[in-house]
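Order of listing sets the numbers, starting from 1, for every ligand and every atom in it. We number each residue from 1, following the sequence as shown.
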Amino acid sequence: MTILGIESSCDETAAAIITSTKSNKVNLISNIVASSIAMHSKTGGIIPENAAREQIKYIIPVIKKALDDANLKPKDIDAIAVTYGPGLIGSLLVGVETAKTLAYVWNKPLIPTNHLLGHIYANFIYGQNENEIDFPAIGLIISGGHTDLLLINSHDDIKWLGGTRDDAAGEAFDKIGRLLNLPYPGGPNIEKLAKEGRAGKYFFPRPLIGSKDFDFSFSGLKTAVLREVEKNNEISKQTTADICLAAQESIVDVVTKKTLRAIEKYNAKSILLGGGVAANSRIRDAFESKINDRKLDVKLFAPEKYLCTDNGAMIATAAFFQSKEVSWKEIDARPGLYFDQT
Ligand code: KG4
Ligand code: ZN
């Protein structure tokens, strides 16, 4: 099966082609991403109206390039997958309406795909991981808009265990970045600066770390950083780096502890990381070392960094495993889509 995946939920306009083999191996054939991050960097964050305009500009060229790079024509595609939520309504509409039109004109089935599941399914693209992914698995989505833990018993049995009550992990990185006058997005810049930070100079709260549920809360962390920033008239590069390290450690500690608690509770065999924050090397290393320290029999999976942030390949792959084809008439953008609706 050959699927064209289209993603336009936020500030990336993306399209990719995957093909599956008889043994359900998913091969990535082409993957094109146009990002409007540089523009949002100037405004310190995303202005939805601007993001939607950029989507309109890029959507057709990106889809055309994905087909050209794969050396395929529309007749070679078996289905079109598109993110229908969650996300920014203006951005989502661009991908959904384009996919609908193409499905109608090319006479192809459409597969509406949940963006959040897409992040987890990036792990199923062939070549991402050496090992087989065994179920049950715990999925941790850490992105700019979401922080969620999932129990994945099989492709057809996915349960939401908990999520953030306020800011998402990536949002916390971005807001802290802004407090420290770092360019948007904060995550990668905080990771870079944290390498120069001195351990133990600051300690920030780890909200809900001890709670029995699988919920998260990161808005208190942002406020704690704000209090530190307010104490200083001018913050030196070293102090900024120290704060970056302490804030990153707080997020790392919370997400690793909660995920490992879910692993132990559900006897899971795999951890699947996904979302932009999963590109953070410190988070990946912390998982590895905590798994080793506790001698847990669990394998860690994380997509290559370029597949952690938004892309069409993860959407096409999720669509392949979920395979809920509909006609072009039956799909609408759903900005508030969640897990019980997949
Ligand atoms: O998954 P994504 O591309 O978009 C959403 O679906 O939200 O995630 C973007 C988020 C941003 O908040 C960005 O700061 C964060 O991922 N991010 C990182 C890193 N790279 C991207 N956070 C921490 N460390 C990184 N290396
Ligand atoms: Zn995303």
Side-chain angles (χ1 to χ4, degrees), residues 5-14 16 31 33-38 40-41 44-46 48 51 55 82-88 91-92 95 113-123 139-148 163-164 167-180 182-195 197 216 218 221-222 244-245 247-256 272-287 302-315 317-318 335-338:
I6 299 174
E7 155 61 39
S8 76
S9 64
C10 190
D11 55 355
E12 267 96 21
T13 314
N31 185 45
V33 181
S35 173
S36 54
I37 277 190
H40 305 305
S41 202
I46 296 172
Q55 295 285 358
V82 65
T83 299
Y84 72 121
L88 302 171
S91 290
L92 281 172
T113 304
N114 183 322
H115 178 84
L116 299 172
L117 283 184
H119 275 306
I120 291 298
Y121 271 96
N123 286 293
L140 172 69
I141 301 162
I142 31 179
S143 73
H146 292 85
T147 303
D148 291 292
T164 187
D167 292 351
E171 195 177 353
F173 271 113
D174 295 339
K175 287 180 173 171
I176 291 167
R178 203 174 317 155
L179 290 173
L180 296 170
L182 304 177
Y184 174 86
N189 291 303
I190 289 178
E191 177 178 9
K192 207 157 81 197
L193 272 176
K195 295 200 172 90
F216 299 88
F218 291 109
L221 170 63
K222 170 195 66 193
C244 285
L245 176 63
Q248 178 172 271
E249 284 311 300
S250 167
I251 294 172
V252 168
D253 213 13
V254 174
V255 298
T256 50
L272 310 180
L273 303 184
V277 182
N280 185 293
S281 301
R282 172 67 191 128
I283 288 187
R284 293 167 178 235
D285 293 349
F287 266 113
E304 280 185 57
K305 293 187 179 182
Y306 77 99
L307 291 174
C308 285
T309 44
D310 294 349
N311 63 83
M314 68 185 201
I315 299 305
T317 306
L337 180 71
Y338 226 64

Quick one: salt bridge (charged side-chain N to carboxylate O under 4.0 Å, His left out) partners of [X], sequence neighbours excluded?
X	value
Lys222	Asp167
Arg284	none
Glu171	Lys175

Calculate, to the nearest 0.5 Å, the distance between atoms [atom1] and [atom2] belonging to [X] and [Y] respectively.
X	Y	atom1	atom2	answer
Tyr84	His115	OH	NE2	13.5 Å
Cys308	Ile142	SG	CD1	8.0 Å
Asn123	Thr317	CG	OG1	10.0 Å
Ile251	Arg282	CD1	CZ	12.5 Å
Asn114	Leu337	CG	CG	4.5 Å
Leu116	Thr83	CG	OG1	9.5 Å

Does a side-chain heavy-atom distance below 4.5 Å link [X] with [Y]?
X	Y	result
Leu88	Ser9	no
Phe287	Leu140	yes
Leu182	Ile190	yes
Glu191	Cys244	no

Which protein non-hydrogen atom lies closest to [atom], naming both residue and atom, and how far is it?
atom	result
atom 21 (C) of ligand 1	Gly276 O, 3.4 Å
atom 2 (P) of ligand 1	Asp310 OD1, 3.5 Å
atom 22 (N) of ligand 1	Gly187 CA, 3.3 Å
atom 24 (N) of ligand 1	Asn280 ND2, 3.0 Å
atom 26 (N) of ligand 1	Glu191 OE1, 2.7 Å
atom 10 (C) of ligand 1	Gly144 N, 3.5 Å
atom 14 (O) of ligand 1	Asp174 OD1, 2.7 Å

Does ligand 1 have an atom under 4.0 Å from some heavy atom of [X]?
X	answer
His115	yes
Cys10	no
His119	yes

Checked the Zn ion (ligand 2): protein N, O or S atoms closer than 2.8 Å come out as His115 NE2, His119 NE2, Asp310 OD1
Atom indices of ligand 1, in the order listed, that fall short of 4.0 Å to a heavy atom of [X]:
X	value
Pro185	13 (C), 14 (O)
Gly145	7 (O)
Gly170	12 (O)
Thr309	3 (O)

